[in-house]
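Data block below; observations after.
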Amino acid sequence: MTQVSIAELVAGVKEGRVVSFPTDTVPALAALPEKAESIFTVKQRSLDKPLILMAADSEQIWDFVKGSQEEYEIWQKVADKYWGGALTLVLPASSKVPSCMNPNNPTTIGVRVPQSDIACRVLAQTGPLATTSANLSGKPPLQTIPEIEAEFPNVLTLETTSYESKIQPVGIPSTVAKWDNQKWQILRQGAVNLDI
């Protein structure tokens with residue numbers, strides 16, 4: 001059993017461990033951004049599939065992206081409307097983003113703020129984390145703690161007594177929208193319909 005309390009989960013992250021916790025979409029695998037390669041390893045994920053930087057609020061995000069003042073204002077409006085929620089924005093990456101987050105294209109970074117009390121409680125204590133769905137690459141996202149423990153016995157999972165989510169996970173990944181030449185391009189339609 002690898003179920004731990006929030007305090008133990010946060011400590012594990014800071015020690016460089018891969019952890020798992022619920023979000024508003026599907027359960028996440030997470031690690032410090034500079035330890036992102038460990039997620040690729042445990043998930044058996046191709047390096048051409050970037051990870052998402054998840055944070056407790058949009059203020060934690062903006063240092064990791066770069067754009068003009070006009071672009072920041074557009075991004076903030078979208079963030080204000082859809083975060084916390086199941087929308088991932090792919091934006092130009094700042095130098096603060098470790099290249100191991102997106103090895104094949106380190107110029108961009110996917111960012112998201114979940115609508116999940118427990119995820120935000122974890123992220124508020126750890127800072128932004130590299131995240132992805134909890135599953136082996138190419139397999140459907142795992143939905144329960146027992147499934148995650150069976151698939152990833154070395155990953156620290158949050159004990160179920162640590163949280164009672166007011167918002168039930170939808171079980172559908174986030175919508176992914178990329179900022180491309182002054183407009184949004186939908187890369188993956190998920191739980192949110194972006195009104196653009």
Side-chain angles (χ1 to χ4, degrees), residues 2-14 17-33 35-36 39 42-43 50-65 75-91 101 109-135 140-149 151-152 155-177 187-195:
T2 53
Q3 289 190 33
V4 296
S5 67
I6 290 179
E8 291 168 313
L9 191 89
V10 169
V13 167
K14 293 179 176 178
R17 299 278 305 269
V18 177
V19 302
S20 180
F21 53 82
T23 75
D24 51 342
T25 53
V26 294
L29 291 177
L32 293 171
K35 299 288 185 182
I39 294 179
V42 301
K43 190 171 165 119
L51 302 176
I52 292 171
L53 188 75
M54 194 178 284
D57 59 59
S58 62
E59 292 308 308
Q60 288 188 325
I61 294 285
W62 303 130
D63 282 349
F64 291 89
V65 299
W75 302 341
Q76 184 68 61
K77 279 183 187 170
V78 171
D80 289 346
K81 183 172 182 178
Y82 293 100
W83 286 350
L87 176 66
T88 297
L89 301 179
V90 179
L91 303 174
M101 287 276 304
I109 183 68
V111 292
R112 182 163 102 82
V113 175
Q115 187 181 20
S116 164
D117 295 340
I118 191 63
C120 289
R121 278 178 61 193
V122 171
L123 293 161
Q125 295 177 64
T126 61
L129 296 179
T131 64
T132 183
S133 56
N135 56 286
L142 301 174
Q143 303 288 344
T144 68
I145 296 290
E147 289 175 330
I148 295 167
E149 287 184 321
E151 196 73 76
F152 301 106
V155 168
L156 295 178
T157 55
L158 188 62
E159 64 186 1
T160 50
T161 54
S162 288
Y163 61 90
E164 288 183 24
S165 181
K166 294 175 187 158
I167 296 170
Q168 288 302 309
V170 294
I172 302 168
S174 64
T175 296
V176 179
L187 301 184
R188 177 181 73 195
Q189 183 60 55
V192 164
N193 290 312
L194 183 62
D195 180 14

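Only a predicted model underlies this, so the values are computations on that prediction, with no experimental measurement involved. Throughout, residue positions are numbered sequentially from 1 according to the sequence presented.
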- Message: Please evaluate residues Val18 and Phe152 with respect to the criterion side-chain contact (heavy atoms from CB on, under 4.5 Å), reporting the C-alpha separation (whole Å), side-chain torsions for both, the decisive distance (0.1 Å), and the verdict.
- Response: CA-CA 10 Å; Val18 177; Phe152 301 106; over 6 Å; no
- Query: In Å, rounded to the nearest 0.5 Å, how long is the span from CD of Gln60 to CG of Leu129?
  - Reply: 9.0 Å
- Quick one: does Leu29's side chain get under 4.5 Å of Glu151's, heavy atoms only? no
- Query: Would you say Val113 and Leu123 make side-chain contact, with heavy atoms under 4.5 Å?
  - Reply: no
- Message: Under a 3.5 Å distance rule, please check whether Arg17 uses its side chain to pair with a backbone N or O of Val155 as donor and acceptor.
- Response: no
- Query: So, does Thr131 use its side chain to make a donor-acceptor pair with the main chain of Ile52 at under 3.5 Å?
  - Reply: yes
- CG (Leu53) and CG (Leu89) are apart, to the nearest 0.5 Å, by 12.0 Å
- Task: Could you tell me which non-hydrogen atom of Met101 sits nearest to which non-hydrogen atom of Ala130, and how far apart they are?
- Result: SD-CB, 3.2 Å
- Give a yes or no answer on whether the side chain of Ser174 reaches the backbone of Leu87 with a donor-acceptor pair at less than 3.5 Å. no
- Message: Once rounded to the nearest 0.5 Å, what's the spacing between atom OG1 of Thr157 and atom CD of Glu147?
- Response: 12.5 Å
- Short side-chain to backbone donor-acceptor contact, Ser20 and Ala28, under 3.5 Å: yes
- Message: Strictly distance-based, threshold 3.5 Å: is any side-chain N or O of Lys43 a donor or acceptor partner for the main-chain N or O of Ser133?
- Response: yes
- Message: Within the structure provided, determine whether Thr25 and Pro173 are in side-chain contact (heavy-atom separation under 4.5 Å).
- Response: no
- Task: Apply side-chain contact (heavy atoms from CB on, under 4.5 Å) to the pair Ile109 and Val65, showing each step before the final yes or no.
- Result: CA-CA 7 Å; Ile109 183 68; Val65 299; 3.8 Å; yes
- Query: How far apart are the C-alpha atoms of Trp83 and Val192, what are their side-chain angles, what is the distance that settles it, and do they pass the side-chain contact (heavy atoms from CB on, under 4.5 Å) test?
  - Reply: CA-CA 11 Å; Trp83 286 350; Val192 164; over 6 Å; no
- The reported gap from OH in Tyr82 to OG1 in Thr88 (rounded to nearest 0.5 angstrom) is 14.0 Å
- Point-to-point distance, once rounded to the nearest 0.5 Å, from CG of Asp24 to CD1 of Ile172: 11.5 Å
